[in-house]
J.: 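Below you will find the structure I want to go over with you.
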2 protein chains.
Amino acid sequence: MTTNKPRSRGRPRRFDPDAAVVTAQQLFHARGYDAVSVADVTDALGINPPSFYAAFGSKAGLYQRVLDHWTGTAAIPLADILRPDVPVAKALAAMLEEAARRYASDPAAGGCLVLEGTRCNDEGAREAARALNLGAEAFIRDYIAARHPEAADEVADFVSTTMSGLSAKARGGHDLPRLLATARLAGSALAKTLPA
Amino acid sequence: MTTNKPRSRGRPRRFDPDAAVVTAQQLFHARGYDAVSVADVTDALGINPPSFYAAFGSKAGLYQRVLDHWTGTAAIPLADILRPDVPVAKALAAMLEEAARRYASDPAAGGCLVLEGTRCNDEGAREAARALNLGAEAFIRDYIAARHPEAADEVADFVSTTMSGLSAKARGGHDLPRLLATARLAGSALAKTLPA
DNA sequence: GGTATTTTGTAACAGTGACTACAAATAAAC
DNA sequence: GTTTATTTGTAGTCACTGTTACAAAATACC
């Protein structure tokens with residue numbers, strides 16, 4: 001159920017902020033935080049700067065809302081993939097493959113929105129993306145540690161590094177088959193390190 | 001032997017362009033191409049914009065000279081590491097470890113200058129870095145193909161992806177032990193795929 | 001010394017970045 | 001219909017960005 005807006009007084013706004021967040025997410029994902037200007041966003045939305053700032057406060061504020069929306073819709077469902085009833089190595093391999101699929105799914109927006117966001121030149125936006133990423137990495141590490149405590153740190157780093165590499169390569173033009181093959185090769189390395 | 005300058009007429013320049021390239025390399029490596037402004041460079045060199053543009057033509061021109069200098073001094077010596085008398089898997093593992101060491105060597109400038117350059121927002125600089133990177137990847141692929149032609153593409157992609165990930169993680173704060181452990185884990189995966 | 005040549009410092013240029021002051025416009029509440 | 005609250009469009013602000021015009025300064029050649 002979408003939260004009904006507590007009908008306000010005054011002039012009604014001529015655009016839907018939630019839809020605007022979706023549009024902004026596409027822009028940020030396709031070009032990266034730095035390369036998207038506020039003017040790009042307002043042009044895409046057909047609004048003027050004051051409307052933008054009334055709704056989102058700042059460019060970084062919009063980015064926060066994009067990250068929030070992304071978390072609820074486009075993030076890899078780690079809790080579904082990293083299941084307790086599956087061998088850890090197998091679950092992590094499935095996660096890498098899923099990452100490959102998502103990073104290549106939109107040819108106009110390669111890579112992971114969050115991982116790419118951790119590399120931008122605005123401190124606020126960068127730290128917001130980093131915080132999200134650190135949370136995901138901690139989740140992965142904890143999942144490994146539950147059954148392989150001695151290898152958790154190393155394996156978690158390896159998996160995170162591979163995902164960063166996959167995102168970078170997706171951005172650099174690698175298509176689904178290449179990303180998938182790379183993810184599978186990385187995944188096969190886990191079977192040896194983490195015996196079922 | 002350093003090429004002696006054909007002593008010119010006119011006012012002498014008050015700075016050494018070669019030394020300037022080294023300074024610029026540090027700046028670009030530490031902050032990335034986009035985040036370094038021409039004003040940053042001229043301030044660091046203690047010169048004014050006209051001197052800068054007389055010597056380098058443009059910001060992208062300086063970056064080209066930085067890349068050239070880097071190729072001759074700071075690039076991983078692939079030809080020395082990828083030797084014909086060593087098992088391919090072993091040589092690639094050594095390359096990954098060397099990458100980890102270099103990416104972590106300067107805490108103020110994490111990651112690979114070129115790999116990070118391939119992600120900047122200036123098309124000219126980005127393509128220059130990409131060209132350099134593609135050359136290195138081709139070298140690696142050819143090295144693998146000489147003895148493992150059927151696995152060359154996949155393994156080359158895996159290795160390149162891992163290096164991109166290592167560079168990203170170095171930039172993100174991973175220190176030498178973590179990068180090295182990740183590189184070794186990735187390297188161990190190669191031994192299985194590429195039997196000696 | 002005079003002239004040609006090159007680099008210097010000063011001071012801009014045009015363009016773009018994120019962001020905002022302000023008054024007209026539009027709606028609900030009274 | 002008047003008031004009150006809110007968003008709108010216009011037109012800016014200010015701090016940068018990469019880059020350059022121009023004249024003074026400093027050297028080599030004659």
J.: Can you name the side chain to side chain donor-acceptor pair (under 3.5 Å) partners of B:Asp85, sequence neighbours left out?
T.: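 Expected list: B:Arg83.
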J.: Check each residue of residues 18-28 of chain B for a non-hydrogen atom within less than 4.0 Å of any atom in DNA chain C, then write out the ones that pass by number, or none.
T.: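 Heavy-atom contacts with DNA chain C come from no residue of residues 18-28 of chain B; none.
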J.: Treat primed atoms plus P, OP1 and OP2 as sugar-phosphate and everything else as base, then score nucleotides 15-24 of chain C 5' to 3': B for base contact with protein heavy atoms under 4.0 Å, S for sugar-phosphate contact only, - for none.
T.: --SSBBB--B
J.: Nearest-Å distance, CZ (A:Phe15) to C1' (D:dT8)?
T.: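 Atom CZ in A:Phe15 sits about 11 Å away from atom C1' in D:dT8.
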J.: What is the distance from CG of B:Asp43 to C1' of C:dG9, rounded to the nearest Å?
T.: 14 Å
J.: What I'd like to find out is whether the side chain of A:Thr71 reaches to under 4.5 Å of the side chain of A:Val114, using heavy atoms alone.
T.: no
J.: Send over the distance from B:Ile47 CD1 to D:dT19 P, rounded to a whole Å.
T.: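 Between P of D:dT19 and CD1 of B:Ile47: 14 Å.
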J.: Does a side-chain heavy-atom distance below 4.5 Å link A:Ile47 with A:Arg14?
T.: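 Side-chain contact under 4.5 Å: no.
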J.: Please enumerate all residues that pass salt bridge (charged side-chain N to carboxylate O under 4.0 Å, His left out) together with A:Arg11, with sequence neighbours excluded.
T.: none
J.: Quick one: which residue pairs count as a ring pair (Phe, Tyr, Trp, His ring centres under 6.0 Å) with a foot in residues 53-79 of chain B, not counting sequence neighbours?
T.: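 Those involving residues 53-79 of chain B are B:Phe28-B:Tyr63, B:Tyr33-B:Tyr63, B:Phe52-B:Phe56.
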J.: Nearest whole Å is fine: how far is D:dC29 P from B:Arg9 CZ?
T.: 7 Å
J.: Does A:Arg119 pair with B:Glu116 as a salt bridge, N-O distance under 4.0 Å?
T.: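 A salt bridge links A:Arg119 with B:Glu116.
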J.: So, OP1 or OP2 of D:dT8: does either fall under 4.0 Å of a side-chain N or O from A:Ser51?
T.: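 Checking D:dT8 against A:Ser51, a side-chain N or O does come within under 4.0 Å of OP1 or OP2.
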J.: Give the rounded distance in Å between these two atoms: CZ of B:Phe56 and P of D:dT19.
T.: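 B:Phe56 atom CZ is separated from D:dT19 atom P by 13 Å.
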J.: Among residues two or more places apart or on two chains, list those pairs meeting ring pair (Phe, Tyr, Trp, His ring centres under 6.0 Å) that have a residue in residues 128-172 of chain A.
T.: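 Listed once each, the pairs would be none.
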J.: How many Å lie between CZ on B:Arg14 and P on C:dT8, as a whole number?
T.: 8 Å
J.: When you look at CD of A:Glu98, are more than 12 heavy atoms from neighbouring residues, nucleotides or ligands closer to it than 6.0 Å?
T.: yes
J.: In whole Å, what is the span from the CG atom of A:Leu45 to the P atom of D:dT8?
T.: 11 Å
